[in-house]
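Notes for the one structure printed next.
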Amino acid sequence: MDLLELRDEIDVVDRQIVELFEKRMDIASQVADYKIANGKKVFDKEREVLKINSVKELAHNDFNKIGVEELFSHLMSMSRKLQYQKLAQAGASGKLPFIAIDSIDKEKSRVCYQGAEGSYSEAATKKYFGEKVNAFHVDTFRDAMAVLEDGSADYCVLPIENSTAGIVSETYDLLTDYENYIIGEEIIPIRHCLMGVPGAGLSDIKTVYSHPQSLMQSAKFLSEHSDIRQISMKNNAFAAKKVAEDKDKTQAAIASALAAEIYGLEIIEEGINQAQSNSTRFIIVTNQKVFLKGAGKISICMEIPHEAGSLYHMMSHFIYNNLNMTKIESRPIEDRNWEYRFFIDFEGNLSDSAVRNALRGLREEAKMLRILGSY
């Protein structure tokens, strides 16, 4: 047979496949009706494993066995998504434990941020809540989450991602350690300044203090002055405060212009970070399960079965519900070698039917799913 004849035969088979696929999905729809009427769960892991093992045995060689396994995994995944949609249409998609609110009271709220006066965290706090915000600062990210959980603050502000240095992994981990939720975000442009005591010049500086990420972001400038010793500190504002208190002309800090103003330091070099478009994204966190009615993004974290294809099947819930996933990160799970927790941001609102449908499917199929917030 020539190529055209072979392609004609494939076309015939493809039409048969489509007919059988639609017949299978029609039966799956009837299965969904039965499950709705009898209160049964959509996902039956044991049934799917048995089914895949049985159809694999119908194939005549090892290559086809693998292909059949993949094909039927997709078929059953599509069947589940159809069933989830029918559940949603029948009003059985379940309620989410989040309350929609019109706004937050920024004037009366007590807000906590990590660091000190003059930090980028303070700048993010003031940009989101206003210059007259009732705010206080703590030493660590964990301290900020703890005072939020015990009610000492209504909100806390934490950095979660930098456009050049990447994620703040500790913040991601803390979102799983505490029952706190994201309700907003703020993006602050980062413009690092080298600052010292009044009268100090670049030639005087022997030691520079800053946060490790700020040192890394200023690596090009610092490499041109390799004689300057670099010392890490937990916050840029703390570095500026130390230089101001020590009154040593050989010391400098890398921090914001606001920190220089607050601690009475002079800026020696401005904008020393090599990426001039550098920005840090901060999240606004509360201990209440609430979200603003106009929220357009959702953050979740989940743990999935440690087996081939698991992540793909989870991602397909976004595809079938036409949801745009904007970010995915992974963090190792403590005490479970080579297993990871996934953090996902996607567009949508918790009141959207497509979002609820996707979350329903993810919750049934993931080992653990947690909504981190809608904002």
Side-chain angles (χ1 to χ4, degrees), residues 93-106 108-114 121 124-125 127-129 133-136 138 140-161 167-187 280-303 317-318 323 325-331 333 341-352 354-356 358-360 362-363 366-375:
S93 58
K95 293 184 178 180
L96 296 173
F98 282 79
I99 299 172
I101 59 175
D102 292 316
S103 62
I104 62 177
D105 191 344
K106 294 183 178 181
K108 295 181 180 179
S109 297
R110 184 151 171 78
V111 184
C112 172
Y113 62 89
Q114 182 273 339
S121 293
T125 300
K127 186 177 178 183
Y128 189 85
F129 289 94
V133 59
N134 178 14
F136 66 99
V138 292
T140 68
F141 297 154
R142 184 170 291 276
D143 289 341
M145 292 293 258
V147 298
L148 184 61
E149 188 177 59
D150 68 23
S152 300
D154 301 305
Y155 302 96
C156 75
V157 179
L158 294 174
I160 193 168
E161 178 185 14
I167 67 168
V168 182
S169 56
E170 184 180 356
T171 299
Y172 276 93
D173 294 339
L174 289 172
L175 285 170
T176 63
D177 290 345
Y178 288 87
E179 290 288 331
N180 297 327
Y181 306 91
I182 308 169
I183 195 174
E185 67 178 352
E186 193 65 65
I187 297 175
T280 295
R281 182 165 69 98
F282 292 82
I283 53 173
I284 317 302
V285 185
T286 177
N287 59 8
Q288 303 295 312
K289 285 188 174 182
V290 296
F291 67 98
L292 295 171
K293 289 181 179 178
K297 183 162 67 173
I298 297 163
S299 292
I300 62 173
C301 73
M302 64 180 179
E303 297 173 16
H317 287 286
F318 298 102
L323 297 173
M325 188 175 69
T326 59
K327 188 175 183 62
I328 181 169
E329 296 285 350
S330 64
R331 292 287 300 148
I333 301 174
R341 183 178 292 119
F342 293 91
F343 294 83
I344 296 171
D345 293 348
F346 63 97
E347 294 175 353
N349 186 285
L350 288 176
S351 62
D352 298 341
V355 169
R356 288 173 176 264
L359 291 174
R360 171 70 178 257
L362 290 168
R363 181 171 281 115
K367 293 174 66 176
M368 181 280 289
L369 175 74
R370 184 176 167 203
I371 300 171
L372 300 176
S374 180
Y375 50 102

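Just so it is clear, the values below take in all heavy atoms, side chains as well, and ignore hydrogens, waters and symmetry mates.
Annotation: the span from T140 atom OG1 to M145 atom CE amounts to 11.0 Å, rounded to 0.5 Å. Here M302 contributes atom CE and I328 contributes atom CD1; the two are 6.0 Å apart, rounded to the nearest 0.5 Å. The CZ atom of F343 lies 9.5 Å from the CD atom of E329; values are rounded to the nearest 0.5 Å. For the atom pair OH of Y155 and CZ of F129, the computed distance is 6.5 Å after rounding to the nearest 0.5 Å. The CG atom of N180 sits 4.0 Å away from atom CG of L148, with the distance rounded to the nearest 0.5 Å.
For the residue pair Y181 / S374, no side-chain donor-acceptor distance below 3.5 Å is found, with atom types taken as modelled.
Within the 3.5 Å criterion, the main-chain N or O of K293 finds no donor-acceptor partner in the side chain of D102. A donor-acceptor contact shorter than 3.5 Å is absent between the side chain of D352 and the backbone of A354. Within the 3.5 Å criterion, the main-chain N or O of D173 finds no donor-acceptor partner in the side chain of R331.
For R281, the salt bridge (Lys or Arg N to Asp or Glu O under 4.0 Å) test picks out E161, E185, D345, with sequence neighbours left out.
A cation-pi geometry, defined here as NZ or CZ lying under 6.0 Å from the six-membered ring centre and within 45° of its normal, does not hold between K297 and F346.
With salt bridges taken as basic N to acidic carboxylate O contacts below 4.0 Å, one links R142 and D177.
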